[in-house]
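Note that the structure is a prediction, hence the values are computed from the model and not measured. Sequential numbering from 1 along the given sequence is applied to the chain's residues.
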Amino acid sequence: MTAAIVPFPLASRRSMILRQAQYAAMLNPDAAERHIQQQLNIQSRAMRRKGIDARLIAHEISCMETSIRATLLRTVSGGAR
């Protein structure tokens, strides 16, 4: 019997998501995009090192990206929580 490693959903890491979005909001659009991509790559590499299945990593990174971008939009429009 083998066990599947299931990461804590990245999208649920509210403080980290908020921190990344707030930082990106202070940057120009190109730098903000590079920052977001760098953070996604860091998380992806960390999950790969832990042996998490590539499909699950892709799903989690997609959720994280969606959360950061939605939070960024709320931040720049004045509605961040």
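In plain terms, the two heavy atoms of A24 and A32 that are nearest each other are O-CB, 3.4 Å. Smallest separation of non-hydrogen atoms from I57 and S44: CG2-OG, 3.6 Å.
Atoms CZ and CZ, on R49 and R45 in that order, are 7.0 Å from each other to the nearest 0.5 Å. To the nearest 0.5 Å, atom CE of residue M16 and atom CE of residue M64 are 3.5 Å apart. Once rounded to the nearest 0.5 Å, the distance linking CD1 of I61 with OG1 of T66 reads 11.0 Å.
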Mind listing the side-chain donor-acceptor pairs of residues 34-42 below 3.5 Å, one per line with the distance, residues two or more places apart or on another chain?
{"residue": "H35", "atom": "NE2", "partner": "Q20", "partner atom": "OE1", "Å": "2.7"}
{"residue": "Q37", "atom": "NE2", "partner": "E33", "partner atom": "OE2", "Å": "3.1"}
{"residue": "N41", "atom": "ND2", "partner": "Q37", "partner atom": "O", "Å": "3.2"}

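Screening residues 41-76 for ring pair (Phe, Tyr, Trp, His ring centres under 6.0 Å), with sequence neighbours left out, gives no hits.
Applying the salt bridge (charged side-chain N to carboxylate O under 4.0 Å, His left out) test to R55 and every residue at least two apart in sequence or in another chain returns D53. Checked against side chain to side chain contact (heavy atoms under 4.5 Å, CB included), A25 has the following partners two or more places apart in sequence or in another chain: L72, T75, V76.
Side-chain contact check for E60 versus I52: every heavy-atom pair is 4.5 Å or farther apart. Two residues are said to be in side-chain contact when any heavy atoms from C-beta on lie closer than 4.5 Å; L18 and R14 fail this criterion.
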